[in-house]
Amino acid sequence: MRRLVALPVAVLVTAGALAGCGTENWTQNCTTTNGVIECDEADRPQVDGVSGELLGGGTYDVASDRGKVVVVNFWGSWCAPCRAEADDLEKTYQATKEKGVTFVGVNTRDDRDSATNFERGRVTYGSLFDPDGAVAIKIDATNNATPATLVLDREGRIAVALRRATTNGELQPLVERVAAEGNG
């Protein structure tokens with residue numbers, strides 16, 4: 001009899017823990033192909049909480065960029081794939097900024113000096129300093145993957161998520177597609 005009671009209790013505890021941790025529910029209505037999660041406009045989750053202190057000084061809040069497509073890249077100076085994708089991110093930024101696109105990095109699990117030195121000369125857009133990973137946890141979109149890149153539509157919703165390194169050849173068409181929405 002004890003086994004029959006233990007199983008339902010274990011199921012309830014597991015379900016409760018998953019619900020409390022912020023599960024992947026937002027991806028259930030999205031399409032995943034080769035590690036790229038794309039959400040139809042009706043199924044896109046709103047993102048708030050991409051805000052804080054910038055590595056170069058000042059503050060940033062994604063809400064101030066409503067009306068623009070915002071590419072959010074989570075990175076660390078300690079992360080080899082982050083180093084590999086930095087040039088591609090900058091190329092995509094340069095190629096799309098005239099289309100109402102902006103980029104912001106989120107430096108995570110790092111120290112300020114290492115992050116500042118890594119960013120210098122690699123990218124021209126700013127990065128939030130988030131040493132404890134609070135931004136990624138708050139928006140529940142990266143699944144603790146570093147690097148991870150989100151493409152937010154002009155309403156601040158996740159249109160595309162990549163939980164791995166990306167390239168200019170992959171990212172730029174995705175960003176341009178989101179930037180073209182409602183403009184045609």
Side-chain angles (χ1 to χ4, degrees), residues 21-22 34-37 45-154 156-179:
C21 289
N34 297 324
V36 178
I37 302 165
Q46 187 69 41
V47 170
D48 294 306
V50 178
S51 62
E53 180 185 353
L54 291 165
L55 279 171
T59 59
Y60 175 81
D61 187 335
V62 73
S64 67
D65 278 327
R66 287 293 189 275
K68 293 182 181 180
V69 172
V70 181
V71 178
V72 183
N73 176 256
F74 294 83
W75 63 276
S77 65
W78 45 266
C79 165
C82 300
R83 287 192 294 277
E85 74 174 1
D87 289 341
D88 289 293
L89 291 165
E90 179 64 19
K91 285 177 189 170
T92 303
Y93 171 61
Q94 293 300 327
T96 59
K97 66 183 180 179
E98 298 299 322
K99 297 175 182 176
V101 176
T102 192
F103 276 54
V104 65
V106 179
N107 172 256
T108 186
R109 299 184 311 236
D110 218 338
D111 68 81
R112 185 179 294 278
D113 289 341
S114 296
T116 301
N117 288 333
F118 172 87
E119 193 174 54
R120 187 176 297 121
R122 280 193 171 95
V123 297
T124 58
Y125 52 87
S127 288
L128 295 171
F129 182 56
D130 185 36
D132 59 1
V135 172
I137 291 168
K138 190 175 194 177
I139 64 173
D140 187 34
T142 65
N143 201 31
N144 292 320
T146 305
T149 302
L150 305 176
V151 181
L152 309 181
D153 67 15
R154 295 180 192 281
R157 303 172 304 168
I158 300 172
V160 179
L162 297 99
R163 293 183 177 146
R164 57 169 171 70
T166 189
T167 63
N168 174 256
E170 176 182 57
L171 184 60
Q172 186 173 332
L174 294 168
V175 172
E176 288 176 342
R177 186 168 50 230
V178 174

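Since the structure is predicted, the reported quantities are computational estimates derived from the model, not experimental observations.
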If you round to the nearest 0.5 Å, how far is [atom2] of [Y] from [atom1] of [X]?
| X | Y | atom1 | atom2 | answer |
| --- | --- | --- | --- | --- |
| Arg109 | Ser77 | CZ | OG | 11.5 Å |
| Leu55 | Arg112 | CG | CZ | 6.0 Å |
| Trp75 | Ser127 | CH2 | OG | 5.0 Å |
| Asp153 | Ile158 | CG | CD1 | 10.0 Å |
| Arg177 | Leu174 | CZ | CG | 5.0 Å |
| Leu152 | Leu150 | CG | CG | 6.0 Å |

Are [X] and [Y] close enough that some pair of their side-chain heavy atoms sits under 4.5 Å apart?
| X | Y | answer |
| --- | --- | --- |
| Thr108 | Val135 | no |
| Leu128 | Val50 | yes |
| Phe103 | Lys97 | no |
| Tyr93 | Val71 | no |
| Val62 | Val104 | no |
| Val151 | Val69 | yes |
| Leu171 | Asp88 | no |
| Gln172 | Val175 | no |

Return yes if a side-chain donor-acceptor contact under 3.5 Å exists between [X] and [Y], otherwise no.
| X | Y | value |
| --- | --- | --- |
| Thr59 | Glu53 | no |
| Gln94 | Thr124 | yes |
| Ser114 | Asp111 | yes |

**Asked** With a cut-off of under 6.0 Å to the ring centre and 45° to the axis, is Arg122 in cation-pi contact with Phe118?
**Response**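 Verdict for Phe118: a cation-pi partner in Arg122.
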Quick check: closest heavy atoms across [X] and [Y], and the distance to 0.1 Å?
| X | Y | result |
| --- | --- | --- |
| Glu170 | Leu162 | OE1-CD2, 3.2 Å |
| Ala179 | Val101 | CB-CG2, 3.9 Å |
| Arg66 | Val47 | NH2-O, 3.5 Å |
| Glu85 | Asn73 | OE2-ND2, 2.9 Å |
| Asn107 | Gly76 | ND2-CA, 3.8 Å |
| Ala145 | Ala148 | O-CB, 3.5 Å |

**Message:** Let's go through Asp113 and Arg120 carefully: what are the C-alpha distance in whole Å and the side-chain angles of both, what is the deciding distance for salt bridge (Lys or Arg N to Asp or Glu O under 4.0 Å) to 0.1 Å, and is it a yes or a no?
**Reply:** CA-CA 11 Å; Asp113 289 341; Arg120 187 176 297 121; over 6 Å; no
**Request:** Give a yes or no on this: more than 12 heavy atoms of other residues, nucleotides or ligands lie within 6.0 Å of atom CG of Asn34.
**Result:**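 Not more than 12 within 6.0 Å, no.
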**Item:** Under 3.5 Å donor-acceptor, Arg157 side chain and Gln46 backbone
**Value:**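 No, because the side chain of Arg157 does not come within donor-acceptor range (under 3.5 Å) of the backbone of Gln46.
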